[in-house]
Amino acid sequence: MEASSSGITNGKNKVFHAEGGVDLQNHQLDMQTLSDGPKSDVDFSEILNAIQEMAKDVNIFFDELEAVNSPCKDDDSLLHPGNLTSTSEDTSRLEAGGEKVRERNKSNGLYFRDGKCRIDYILVYRKSNPQTEKREVFERNIRAEGLQMEKESSLINSDIIFVKLHAPWEVLGRYAEQMNVRMPFRRKIYYLPRRYKFMSRIDKQISRFRRWLPKKPMRLDKETLPDLEENDCYTAPFSQQRIHHFIIHNKDTFFNNATRSRIVHHILQRIKYEEGKNKIGLNRLLTNGSYEAAFPLHEGSYRSKNSIKTHGAVNHRHLLYECWASWSVWYKYQPLDLVRRYFGEKIGLYFAWLGWYTGMLFPAAFIGLFVFLYGVTTLDHCQVSKEVCQATDIIMCPVCDKYCPFMRLSDSCVYAKVTHLFDNGATVFFAVFMAVWATVFLEFWKRRRAVIAYDWDLIDWEEEEEEIRPQFEAKYSKKERMNPISGKPEPYQAFTDKCSRLIVSASGIFFMICVVIAAVFGIVIYRVVTVSTFAAFKWALIRNNSQVATTGTAVCINFCIIMLLNVLYEKVALLLTNLEQPRTESEWENSFTLKMFLFQFVNLNSSTFYIAFFLGRFTGHPGAYLRLINRWRLEECHPSGCLIDLCMQMGIIMVLKQTWNNFMELGYPLIQNWWTRRKVRQEHGTERKINFPQWEKDYNLQPMNAYGLFDEYLEMILQFGFTTIFVAAFPLAPLLALLNNIIEIRLDAYKFVTQWRRPLASRAKDIGIWYGILEGIGILSVITNAFVIAITSDFIPRLVYAYKYGPCAGQGEAGQKCMVGYVNASLSVFRISDFENRSEPESDGSEFSGTPLKYCRYRDYRDPPHSLAPYGYTLQFWHVLAARLAFIIVFEHLVFCIKHLISYLIPDLPKDLRDRMRREKYLIQEMMYEAELERLQKERKERKKNGKAHHNEWP
């Protein structure tokens with residue numbers, strides 16, 4: 001592109017310079033014009049003149065030979081030419097290599113025994129399985145469809161049989177046309193603005209200057225890794241009638257491996273195994289145990305003795321490992337086109353979304369870190385923490401019954417300073433920023449998804465009419481009605497039956513949410529009981545930090561309960577989803593996803609909601625404490641506030657959850673695969689393991705999760721909730737999420753490339769129901785952050801004191817000098833003689849002043865004991881309450897207005913992409929006419945040579 005921008009044709013692509021032109025990065029064709037064919041009322045000379053005029057208008061630098069005959073690279077030809085293995089060896093290379101190449105193909109396990117037919121799909125079954133008749137019928141129908149088949153027994157277990165399937169060119173072409181598979185049509189054309197000599201000189205000077213600057217470190221180096229060069233061709237739905245329009249360099253490599261496997265899977269899903277309208281498809285055979293496994297093969301080993309930079313990639317799996325799954329490239333962008341080419345669009349979209357989410361976390365993590373560092377730098381100037389640390393004469397009331405002693409307020413100096421790190425003047429700004437950030441993230445993801453959909457030919461792609469689930473057919477086979485789309489009769493579920501099942505399912509969801517609340521209630525009781533136990537502990541360290549010890553152990557126990565309940569929730573969600581009897585697989589997946597997210601979200605965040613909004617809010621006051629079952633006194637906040645408890649809860653849960661998920665995602669498959677290899681070595685020796693064919697190696701890998709990408713999405717969505725919902729209380733959450741995601745991308749990549757069988761390449765246009773869930777979390781985050789700032793933090797009480805009761809009252813100032821006396825004003829006085837008998841502490845407080853204490857202080861806005869209404873709320877309490885409610889209303893309306901304004905201002909489709917699509921559609925029509933005219937000219941010349949010219953032919 002650098003060469004093209006200065007007006008030079010690079011020898012690969014046609015470069016069009018046009019006024020106001022746009023850069024066509026990718027390619028989509030509408031074959032409708034081509035299929036309509038030439039019109040009889042169009043004059044040939046007029047069309048040629050029109051094309052010539054168009055060429056003059058846009059200053060076309062055209063190389064006819066390069067444009068028409070220059071082949072677009074086949075998928076496998078992107079590999080290094082000197083190190084091609086069976087994944088990139090086409091028929092011409094087989095002919096050149098002869099028997100040597102065939103022998104190598106036989107040994108690597110990617111071809112049939114003849115070394116010519118590539119294995120496109122593997123079926124696995126056991127000879128001892130009784131479903132022999134179904135398999136025989138199924139395999140006989142497979143051959144009838146034109147697929148070639150070969151069987152091999154396992155080298156480990158002779159009972160295991162591998163069925164190798166190969167699709168010949170005729171079968172691939174027939175079904176590719178039915179499935180509307182888009183294939184390369186013409187070379188990509190680049191349209192660049194017209195450049196004048198002066199601008200060209202400036203570009204040359206800038207290019208010289210760039211040579212002295214370091215290259216972009218986050219981009220993959222395409223000079224040292226030439227295999228990363230992408231296809232630069234337009235694509236169109238494959239058509240056998242118009243096959244001459246497509247760039248078919250080699251029929252064996254025209255369809256890449258992922259496309260071949262997808263076509264074969266499509267065929268297998270439509271083959272019968274028994275007589276009957278519903279006895280069809282591979283999925284049903286896998287369900288009833290006729291086949292044990294079905295998967296496409298990986299393209300050989302992901303390791304090589306030689307460096308990829310000097311010898312090139314051995315195969316696409318090796319290429320992905322080196323430039324994506326290796327830890328040495330953790331800081332580089334993902335090669336999404338390679339991921340899509342190997343694993344399909346659905347998995348490619350997941351990694352595109354994960355990469356986009358991780359990239360968007362950088363500004364959030366930076367601002368969160370800034371807020372934290374702002375708290376660190378202003379710590380010495382914070383008037384509130386100063387007063388707490390200097391309050392040696394203020395004695396606080398005990399935080400629990402009997403065993404908890406009186407304590408000086410200055411003893412909580414450390415906690416007051418830590419609280420200031422998270423609860424400072426920048427917290428409100430950060431909460432607003434994160435609410436806006438969530439909206440910007442979702443809006444720009446829609447734009448990014450549109451670009452990806454265009455680049456990957458997904459704009460006009462529509463999902464096929466889904467097959468009905470076998471369970472649905474078996475349940476409702478007696479009732480049928482006409483499908484309005486296909487026009488065929490299908491099983492029908494009555495409305496009353498559907499409603500009753502949904503009601504039962506909703507009741508089950510409500511019951512499980514009640515189980516979560518019961519678990520939280522148990523944690524509350526634990527905190528209430530253990531705070532007294534730790535206060536009477538023999539170790540001074542625990543006794544003096546009883547509240548912190550209680551919070552820390554409660555969080556760890558809560559995490560264990562969360563992990564145990566997650567296992568239960570998965571089984572309950574599966575049961576309830578099957579009870580609903582969804583009609584199709586996508587409906588089943590959406591229903592299961594919604595339930596699992598709801599269960600795990602409530603399970604993960606219920607205790608956090610309790611600490612944020614209920615802890616210390618309904619405890620009463622000394623002498624009149626509220627109690628659970630009239631026995632246990634409710635837990636109070638620390639003298640420095642409840643925010644420190646919320647920070648501990650979020651920090652511990654977030655770190656432990658992410659660590660556990662990473663271990664289960666990678667550690668568990670690693671251990672299972674290692675155990676399998678160990679058993680093989682013990683039984684057959686290490687030498688025989690080396691000679692295992694590829695299908696044997698892949699069979700010993702772990703299959704992909706039965707729910708597809710559900711676990712990966714769920715983990716990230718829950719993390720997104722943690723990052724946004726309570727971010728005002730824990731500004732470091734985006735930073736922790738960013739660090740985790742940088743690791744997560746490489747862990748997932750390593751898992752897909754090395755530890756899992758190759759999943760079937762499937763297509764998708766977006767991330768599905770998860771986008772709606774993300775929008776819901778974004779709305780909830782605005783509400784929760786408003787309540788955290790207004791209720792959990794001390795932002796509003798400090799603001800009210802500064803403007804109404806402090807030294808600067810009525811002056812319109814709110815600096816640190818205006819906070820003098822805030823700590824004393826936020827504490828109420830209690831007479832110790834008013835304690836209840838069961839709450840009266842064992843100590844009388846004589847260790848502080850030598851005489852028994854008469855009064856102690858507690859956090860609240862109440863009248864002193866000698867007033868007319870002892871322990872009644874003061875006027876300051878009502879002012880603070882009104883300010884809190886007003887802040888919640890103003891904050892929510894302001895942030896929601898900003899969110900909606902941003903959503904309105906940011907279009908879903910980038911302007912340059914919209915212009916690119918319109919421009920391409922216009923020029924592609926001209927290209928199609930040109931190609932058709934060339935074909936007609938050749939046909940006319942041939943007819944003239946053969947003496948078969950007709951006077952009425954067109955043109």
Side-chain angles (χ1 to χ4, degrees), residues 399-400 415 418 422 511-535 542 545-572 596-619 628 632-638 641-664 714-715 717-727 729-730 732-733 736-737 740 780 784 787-788 792:
V399 296
C400 66
Y415 304 112
V418 173
F422 302 101
F511 173 76
M512 293 309 299
I513 292 177
C514 292
V515 172
V516 176
I517 296 174
V520 174
F521 185 75
I523 295 295
V524 171
I525 294 177
Y526 169 82
R527 295 171 68 105
V528 169
V529 172
T530 53
V531 69
S532 301
T533 305
F534 285 142
I542 296 179
N545 299 277
S546 58
Q547 283 190 297
V548 177
T550 299
T551 302
T553 56
V555 171
C556 293
I557 293 174
N558 184 36
F559 174 75
C560 295
I561 293 176
I562 287 172
M563 302 311 297
L564 291 175
L565 287 179
N566 282 345
V567 178
L568 175 63
Y569 291 153
E570 182 176 345
K571 299 183 181 299
V572 173
M596 279 296 293
F597 168 76
L598 188 60
F599 287 157
Q600 295 216 19
F601 180 81
V602 173
N603 187 27
L604 192 63
N605 293 283
S606 54
S607 57
T608 310
F609 271 89
Y610 164 75
I611 294 174
F613 305 127
F614 297 98
L615 179 63
R617 304 283 177 265
F618 309 101
T619 58
L628 286 174
W632 293 300
R633 170 181 160 184
L634 290 175
E635 187 182 5
E636 293 184 33
C637 290
H638 197 273
C642 293
L643 200 66
I644 188 67
D645 297 278
L646 184 58
C647 291
M648 288 183 62
Q649 173 79 13
M650 291 189 63
I652 295 175
I653 291 293
M654 197 169 185
V655 171
L656 290 179
K657 177 75 173 173
Q658 292 179 347
T659 303
W660 176 260
N661 286 339
N662 290 335
F663 169 76
M664 290 302 295
L714 180 64
E715 178 187 355
I717 299 300
L718 292 176
Q719 184 207 82
F720 178 80
F722 251 84
T723 306
T724 55
I725 292 178
F726 293 104
V727 74
F730 192 57
L732 293 179
L736 293 179
N740 174 80
L780 180 62
T784 53
F787 275 89
V788 166
T792 310

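To the nearest 0.5 Å, atom SG of residue Cys647 and atom CG of residue Leu732 are 8.5 Å apart. Interatomic distance, CD1 of Ile557 versus OH of Tyr526, reported as 4.0 Å (0.5 Å rounding). For the atom pair CE of Met563 and CG of Leu568, the computed distance is 13.5 Å after rounding to the nearest 0.5 Å. With rounding to the nearest 0.5 angstrom, the CD1 atom of Ile725 is 8.5 Å from the CE atom of Met650. The CG atom of Leu780 sits 8.0 Å away from the OG1 atom of Thr724 when rounded to the nearest 0.5 Å. Taken from CG in Leu718 to CZ in Phe597, the straight-line distance is 6.5 Å, to the nearest 0.5 Å.
Side-chain rings of Phe609 and Phe726 approach one another, their centers coming within less than 6.0 Å.
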* Show the numbers, then the answer: is there a side-chain contact (heavy atoms from CB on, under 4.5 Å) between Leu736 and Phe730? => CA-CA 10 Å; Leu736 293 179; Phe730 192 57; 3.7 Å; yes
* To do: Determine, stepwise, if the pair Phe613 / Val788 fulfils side-chain contact (heavy atoms from CB on, under 4.5 Å).
  => CA-CA 8 Å; Phe613 305 127; Val788 166; 3.9 Å; yes
Please tabulate, for the side chains in residues 598-606, all donor-acceptor contacts under 3.5 angstrom to protein atoms that are two or more places apart in sequence or on a different chain.
unit_1 : atom_1 : unit_2 : atom_2 : d
Asn603 : ND2    : Ile562 : O      : 3.0
Asn603 : ND2    : Asn566 : OD1    : 3.0
Asn605 : ND2    : Phe601 : O      : 2.9
Ser606 : OG     : Val602 : O      : 3.1

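Nearest heavy atoms, Ile611 versus Leu615: O-CB, 3.6 Å. Shortest non-hydrogen contact noted between Met596 and Tyr569 is SD-O, 3.8 Å. Among all heavy-atom pairs drawn from Val520 and Ser607, the shortest one is CG2-N, 3.9 Å.
Residues meeting the side-chain hydrogen bond (donor to acceptor under 3.5 Å, both in side chains) test with Glu715, sequence neighbours left out: none. In this structure, Thr792 has no side-chain hydrogen bond (donor to acceptor under 3.5 Å, both in side chains) partners at least two apart in sequence or on a different chain.
Ring geometry for Phe614 against Tyr610 counts as parallel: the plane angle stays under 30°, on a 0 to 90° scale with 60° as the upper cut.
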